[in-house]
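Notes follow once the structure below has been shown.
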Amino acid sequence: MKIFKQIESYKKRIAIVSNNEQFTYGYLIERSNLIASFLLNNKEDLMEEKIGLLLNPDINYICTLWGIWKAGGVAVPLSLSAKKDELKHYISDCNIKLIISSNTYKYQKVIPKSNGLNIIEIEKINIKEKRHLPSIKSERKAMILYTSGTTSKPKGVVTTHMNVESQITTLVEAWEWNQEDHIPLFLPLHHIHGIINSLSCPLFIGAKVTMMGPFDTEKVCSQVASNDFTVFTAVPTIYFSLIEKLESSNNKKLLEGFKKMRLMMSGSAALAPEIHKKWKELTGKELLERYGMTEVGMALSNKINGEKRPGSVGVTLPGVEVKIEDDNGNVIVNEGEAGQLLIKGPQVFLEYLNQPDKTKESFKGNWFLSGDIVMLERGYYKILGRDSVDIIKSGGYKISALEIEDVLLKNTKIRECAVVGIKDDKWGEIVASGIVFKEESLNIDEITEWCSNYLSDYKIPRKIKILDDLPKNSMGKVTKPALKQLFINK
Ligand code: MLC
Ligand code: AMP
């Protein structure tokens, strides 16, 4: 990957601050070379063997990710908050035989025991000698990230080295990343926002990343007040929490910390214009909203040196092509007409793992069908929503309603259920479920507990209505818009 050549020239610069220690680019190069050598063992090349990462978001994460790439493996970053069943799906879908974990992460509790699965603690990789590393062609597979959609189980999005590199370089150019930049990283590292935007862009250019662990309002605010960050990227829910903090405290240093940043971005979910406005009122800074997707990296962005329009995601990023099509597949050229966004470019993913049919139906020629409904308005794109009611975005996480329904229906007391996303100021949407029981019922706490056995915290229904019947149309099919309305009406 180009990034590995590029960083040779900034060996002495500080790349990462992690657990109050500073690490140079030279350290990253050496440590990732050694991890690659360890992974290779006696092989010449890992030949796209899939390796899971269940690592704390610290220095070890980036050294391992790069080590896997350098050895010719495919990195599968996994969620530290995933439940047993979720991990089981990722591990079997990818046929993972090796996971690199941290000694502080209790993987024994969540990783299903299976023959042939090896788990190695990163702290125990102490190899001292670098061996010859393979040269990896850019069209080879590099990474698999899991994303939810209109299938009940999350799908593995496979990207090549070329895809990853294009996703990085387009942003380095558009957002004018430079070596003086310093960014705090608090987003999860099993999604593209954290991996590409927060971590890989600054490292590509020789800037500095402070890895802070999972988002914590107090921790982030104290670092912003005392540090010299220049770039900040977060999901709208985080700006909501930061606004609450700014409004309730009179911390001048914190305000100054935000004021002096050159670029503050929001994405992964719609940024409500009220949050955009409030942020500007409080800090004097306009948030730059952009639009992306696990399958394509970032595609649309407001202009760094131009208008940052509330409620809009701006224009295409360098190297990205987009078009809008109506339901009949005709291209829409007029402003103000809504249709599906199609995306093309070198950053667009290769395939969904083990799902050739899903991959095929997600493309029209080289164009990826995003499933997002958009329109052009005075030269800027506006995201109007998803074409599927079964996809929910909460706290920046994409959630499949079908996955939650499957878990609820595993409970033998539940006759029927339907899951929808309800608009929420802080979370964007929150998960809500209508449930019909057979004879015996469960109370809300029992339903929540049931779900939390199988699902990550952010997927658990926060609003539950116990109903005698679900709203249905004349054909007997559940009408989710009517169910949503029941929650809105209270
Ligand atoms: C947690 N809580 C929720 C919830 N998640 N309530 C409703 N809906 C949810 N989704 C509750 C908890 O139960 C808890 O309740 C309280 O909120 C605090 O929980 P927490 O886990 O501590 O929350 P917090 O740490 O504040 O996490 C919020 C967050 C996190 C926004 C920081 O969700 C996050 O990191 N999101 C980022 C996801 C991301 O990176 N997405 C990018 C995907 S890539 P109680 O009662 O116990 O207080 C992509 C492409 C692109 O989308 O364009 O970028
Ligand atoms: P994910 O699959 O987690 O990568 O989520 C990608 C989806 O997030 C997109 O298809 C959009 O629906 C949504 N998304 C990302 N950025 C924005 C944004 N700025 N505004 C609205 N939706 C967004």
Side-chain angles (χ1 to χ4, degrees), residues 1-5 7-8 11 15-16 18 23 25-78 80 87-88 90-108 110-145 156 158-162 164-165 189-190 195 200 203 350 353-354:
M1 237 186 241
K2 203 157 134 203
I3 189 167
F4 299 134
K5 286 206 190 90
I7 58 172
E8 287 290 335
K11 277 185 179 161
I16 298 279
S18 167
F23 298 88
Y25 279 90
Y27 174 87
L28 257 64
I29 295 170
E30 273 177 40
R31 180 73 177 138
S32 56
N33 284 345
L34 292 177
I35 293 172
S37 305
F38 170 86
L39 293 172
L40 283 167
N41 199 0
N42 287 320
K43 294 184 200 138
E44 291 294 312
D45 186 324
L46 288 184
M47 299 304 294
E48 300 185 353
E49 183 183 322
K50 298 168 190 102
I51 299 179
L53 286 95
L54 258 177
L55 288 162
N56 294 329
D58 61 21
I59 181 71
N60 287 319
Y61 176 95
I62 185 66
C63 295
T64 309
L65 179 71
W66 286 6
I68 295 171
W69 285 343
K70 288 180 176 187
V74 174
V76 189
L78 299 169
L80 291 168
L87 285 176
K88 198 169 156 190
Y90 308 142
I91 293 167
S92 68
D93 191 41
C94 277
N95 192 19
I96 290 176
K97 298 277 183 255
L98 173 65
I99 289 180
I100 313 285
S101 193
S102 310
N103 62 9
T104 49
Y105 171 75
K106 301 269 174 282
Y107 54 84
Q108 299 88 343
V110 278
I111 299 186
K113 282 207 176 63
S114 84
N115 288 339
L117 176 65
N118 192 6
I119 301 163
I120 295 176
E121 289 174 8
I122 186 68
E123 296 82 1
K124 292 192 180 145
I125 301 183
N126 284 319
I127 174 173
K128 297 274 183 294
E129 244 176 78
K130 182 196 161 199
R131 38 165 302 152
H132 174 75
L133 302 178
S135 99
I136 313 293
K137 291 222 159 65
S138 65
E139 60 271 21
R140 279 186 46 183
K141 294 170 191 163
M143 186 155 70
I144 299 176
L145 296 177
V158 183
T159 42
T160 63
H161 288 260
M162 193 250 310
V164 172
E165 195 167 296
L189 288 176
H190 61 286
I195 301 171
S200 303
L203 294 183
L350 181 69
L353 185 70
N354 303 328

Checklist entry - Are Lys128 and Asn126 linked by a side-chain donor-acceptor pair shorter than 3.5 Å? => result no

Next on the checklist: If I compare all heavy atoms of Pro134 with all of Asp45, which pair ends up nearest, and what's the gap?
Outcome noted: CB-OD2, 3.7 Å

Checklist entry - Taking C-beta and beyond as the side chain, do Arg31 and Ile59 meet within less than 4.5 Å on heavy atoms? => result no

Next on the checklist: I'd like to know if Glu48 and Arg140 make a salt bridge, using a cut-off of under 4.0 Å between side-chain N and carboxylate O.
Outcome noted: yes

Checklist entry - Can you find a heavy atom in the side chain of Ile99 that is under 4.5 Å from one in the side chain of Ile91? => result yes

Checklist entry - How many angstroms lie between atom CZ of Arg131 and atom CG of Asn33, to the nearest 0.5 angstrom? => result 12.5 Å

Item to check | Euclidean distance, Asn103 CG relative to Ile120 CD1, rounded to 0.5 Å | outcome: 13.5 Å

Next on the checklist: Ignoring hydrogens and geometry beyond distance, is a side-chain donor-acceptor pair present between Ser102 and Asn60 at under 3.5 Å?
Outcome noted: no

Checklist entry - Given Tyr61 and Leu53, is the side-chain contact (heavy atoms from CB on, under 4.5 Å) satisfied, shown in steps? => result CA-CA 8 Å; Tyr61 176 95; Leu53 286 95; 4.1 Å; yes

Item to check | Side chain to side chain, Leu133 and Phe4, heavy atoms closer than 4.5 Å | outcome: no

Item to check | Cys94 side, atom SG; Asn354 side, atom CG - distance, nearest 0.5 Å | outcome: 7.5 Å

Next on the checklist: Are the side chains of Leu39 and Ile100 in contact, using a 4.5 Å heavy-atom criterion?
Outcome noted: yes

Item to check | Residue pair Asn95 / Lys50, side-chain donor-acceptor N/O under 3.5 Å | outcome: no

Checklist outcome for this item: Output for pair (Glu30 CD, Ile35 CD1), nearest 0.5 Å, gives 12.0 Å

Item to check | Distance (rounded to the nearest 0.5 Å) between Ile62 CD1 and Ser18 OG | outcome: 11.5 Å

Checklist entry - Counting only N and O atoms by type, is there a donor-acceptor contact under 3.5 Å from the side chain of Tyr107 to the main-chain atoms of Leu54? => result no

Item to check | Side chains of Thr64 and Ile51 in contact at under 4.5 Å (non-hydrogen atoms) | outcome: no

Next on the checklist: Is the shortest side-chain heavy-atom distance between Ile29 and Lys70 below 4.5 Å?
Outcome noted: yes

Next on the checklist: Would you compute the distance between atom CG of Leu55 and atom OG of Ser101 and round it to the nearest 0.5 angstrom?
Outcome noted: 6.0 Å

Item to check | Verdict with reasoning, Trp66 to Ile3, per side-chain contact (heavy atoms from CB on, under 4.5 Å) | outcome: CA-CA 10 Å; Trp66 286 6; Ile3 189 167; 4.0 Å; yes

Item to check | Chi angles and distances behind the side-chain contact (heavy atoms from CB on, under 4.5 Å) call for Leu40, Leu46 | outcome: CA-CA 6 Å; Leu40 283 167; Leu46 288 184; 4.1 Å; yes

Checklist entry - Going through the checks in order, is the side-chain contact (heavy atoms from CB on, under 4.5 Å) test met by Leu203 and Ile7? => result CA-CA 8 Å; Leu203 294 183; Ile7 58 172; 5.6 Å; no

Checklist entry - Which atoms form the tightest heavy-atom contact between Gly67 and Ala36, and what is the distance? => result O-CB, 3.3 Å

Checklist entry - Which heavy atom in Ser32 sits nearest to a heavy atom in Cys63, and how many Å separate them? => result CB-O, 3.4 Å

Next on the checklist: Which heavy atom of Gly52 sits nearest to which heavy atom of Leu78, and what is that distance?
Outcome noted: CA-CD1, 4.2 Å

Checklist entry - Heavy-atom distance under 4.5 Å between the side chains of Ile195 and Leu145, does that happen here? => result yes

Item to check | Beyond-backbone contact of Tyr90 with Ile144, side-chain heavy atoms, under 4.5 angstrom | outcome: no

Checklist entry - Any chance CD of Glu8 has more than 12 other-residue heavy atoms, nucleotides or ligands included, within less than 6.0 Å? => result yes

Checklist entry - Taking all non-hydrogen atoms of both residues, which atom of Asn56 and which atom of Tyr105 are closest, and how far apart? => result OD1-CB, 4.4 Å

